[in-house]
Amino acid sequence: MRIATWNVNSIRSRIDRVTDWLQRADVDVLAMQETKCKDDQFPTMPFAALGYEVVHTGVSQWNGVAIASRVGIDDVAVGFDGQPMWDEASEARALGATCGGVRVWSLYVPNGRTVDSPHYDYKLEWLAALDRTASGWLADDPELPIALVGDWNIAPIDEDVWDVEVFAHSTHVTERERSAFRAIESRFADVVRPFTPGPGTYTYWDYTQLRFPKRQGMRIDFVLGSPALAARVTHAEIARDERKPGKKGTPAPSDHAPVVVDLD
DNA sequence: ATGGTGGAGTATCCA
């Protein structure tokens, strides 16, 4: 089974790119973030035409997460236990579904904006709540195959940003964020990094300043697997080519590339 | 040249 995560930066403007790639890459389960639409605006039909069932949560133009699966969708959960709420759109940052026997969580971790912003504190609270809840799942049953996937808005180690000096006083690289990530990583392993080590291996490139052609990016999208899931991983990759601009006059790519994991 | 990209939705806000 092939699972993937992709911050699509608006599913309505990216629908053709996403469905084209789904077919080309032969993906079974795709978790999406930043769909930037309400539930009734989500383009379900192009997915259905390819044999994918879709669940989505979104209540505004902000956030929005979805899961598309061609191996079934069961036990859907919008948000997780204890998830902190910032506003009415907050719950559209986490969506869980069991697909082909694997519990997949599509996560859009709060950005944090700046270190002195209340959004930064909210980000840390959100990560702590996720850690508590996800730890509880494994305490109940250590054998569960669980994938925590998405845009974590954290660069866990220095080589995950193209220039540490540029990010010196920014979110995504602070010790408190990295510590929160490591806490979750103590039970859920990054199953992608061993197959795509850095430095210079990124999942996101800012739209401005020619960051993509200059290969100046950040690794902030991750697939973290429970022990039972990690044991099944046979391959992983970052689909960097999906970040490339299309032909002149065609819609822009997302600023994130998809991350792909194969399970046996 | 004081910008530079892109998506939301139509004035800015956000990433």
Side-chain angles (χ1 to χ4, degrees), chain A residues 5-21 31-43 46 56-66 84-95 106-124 126-127 149-156 160-163 166-174 177 181 202-222 238 240-259:
Chain A
T5 180
W6 196 359
N7 179 324
V8 296
N9 186 20
S10 170
I11 189 58
R12 285 177 290 171
S13 63
R14 222 69 67 203
I15 183 61
D16 290 343
R17 280 181 177 272
V18 170
T19 50
D20 284 357
W21 180 72
M32 289 163 271
Q33 300 85 36
E34 279 202 87
T35 58
K36 290 188 171 176
C37 67
K38 301 173 186 175
D39 289 339
D40 60 6
Q41 297 174 310
F42 190 96
H56 174 259
T57 177
V59 299
S60 72
Q61 70 202 75
W62 313 112
N63 312 335
V65 286
M85 291 292 132
W86 176 270
D87 58 20
E88 76 282 355
S90 296
E91 71 176 13
R93 292 184 174 279
L95 181 68
S106 180
L107 304 172
Y108 179 46
V109 175
N111 174 284
R113 302 193 187 180
T114 59
V115 175
D116 58 1
S117 160
H119 291 270
Y120 177 76
D121 299 317
Y122 171 64
K123 180 179 193 175
L124 294 172
W126 199 95
L127 289 162
V149 315
D151 177 356
W152 292 76
N153 273 315
I154 299 172
D160 295 336
V161 296
W162 61 274
D163 184 342
V166 167
F167 294 90
H169 303 292
S170 305
T171 60
H172 295 61
V173 301
T174 68
E177 290 163 276
F181 188 83
Y202 308 125
T203 65
Y204 162 86
W205 298 260
D206 195 289
Y207 282 125
T208 67
Q209 307 291 336
L210 300 173
R211 293 296 184 219
F212 182 72
K214 287 152 88 173
R215 299 184 171 268
Q216 298 174 335
M218 305 171 78
R219 189 200 286 251
I220 56 175
D221 300 87
F222 298 94
I238 298 163
R240 186 183 184 282
D241 284 355
E242 303 314 304
R243 178 62 178 81
K244 288 181 178 169
K247 290 176 183 164
K248 204 170 180 180
T250 61
S254 171
D255 42 3
H256 294 251
V259 180

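No experiment lies behind these values; they were computed from the predicted model shown.
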Can you tell me how far [atom2] of [N] sits from [atom1] of [X], to the nearest Å?
| X | N | atom1 | atom2 | answer |
| --- | --- | --- | --- | --- |
| Asn9(A) | dC13(B) | CG | C1' | 14 Å |
| Leu210(A) | dG3(B) | CG | P | 18 Å |
| Asn7(A) | dG6(B) | CG | P | 15 Å |
| Arg211(A) | dA15(B) | CZ | C1' | 14 Å |
| Gln209(A) | dG6(B) | CD | C1' | 14 Å |
| Arg113(A) | dC13(B) | CZ | P | 11 Å |
| Phe212(A) | dA15(B) | CZ | P | 23 Å |
| His256(A) | dG6(B) | NE2 | P | 14 Å |

Just compare [options] and give me whichever is closest to any side-chain atom of [X].
| X | options | result |
| --- | --- | --- |
| Trp62(A) | dG9(B), dA15(B), dC14(B) | dC14(B) |
| Lys36(A) | dA15(B), dG7(B), dG9(B) | dG7(B) |
| Ser13(A) | dA15(B), dA8(B), dT5(B) | dA8(B) |

If we take the [atom1] atom in both [N] and [M], what is their distance in whole Å?
| N | M | atom1 | answer |
| --- | --- | --- | --- |
| dA11(B) | dT2(B) | C1' | 22 Å |
| dT10(B) | dA1(B) | C1' | 27 Å |
| dC14(B) | dG9(B) | C1' | 13 Å |

How would you label the contact of Ser10(A) with the nucleic acid (heavy atoms, under 4.0 Å): base, sugar-phosphate, or nothing? sugar-phosphate
Between Pro253(A) and Asn63(A), which residue's closest nucleotide on DNA chain B lies nearer the 5′ terminus? Pro253(A)
Note: for Tyr204(A) and Arg14(A) on DNA chain B, the residue whose nearest nucleotide lies more 5' is Arg14(A)
Does Arg240(A) make a cation-pi contact with Trp205(A), if we ask for NZ or CZ under 6.0 Å from the ring centre and within 45° of the axis?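 Yes, Arg240(A) sits over the ring of Trp205(A).
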Taking atom CZ as the centre, does Arg12(A) end up with more than 12 heavy-atom neighbours from other residues, nucleotides or ligands that are less than 6.0 angstrom away?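 Count over threshold, so yes.
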The single option from Tyr204(A), Phe222(A), Tyr207(A) passing ring-ring contact (aromatic ring centres under 6.0 Å, His included) against His256(A): Tyr204(A)
Would you call dG4(B) syn or anti, using the 90° rule around 0?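 Base orientation relative to the sugar is syn.
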Can you tell me if Thr203(A) uses its side chain to pair, donor with acceptor, with the backbone of Ala257(A) under 3.5 Å? no
Do Asn9(A) and Lys36(A) pair up side chain to side chain, a donor and an acceptor below 3.5 Å, judged on atom types alone? yes
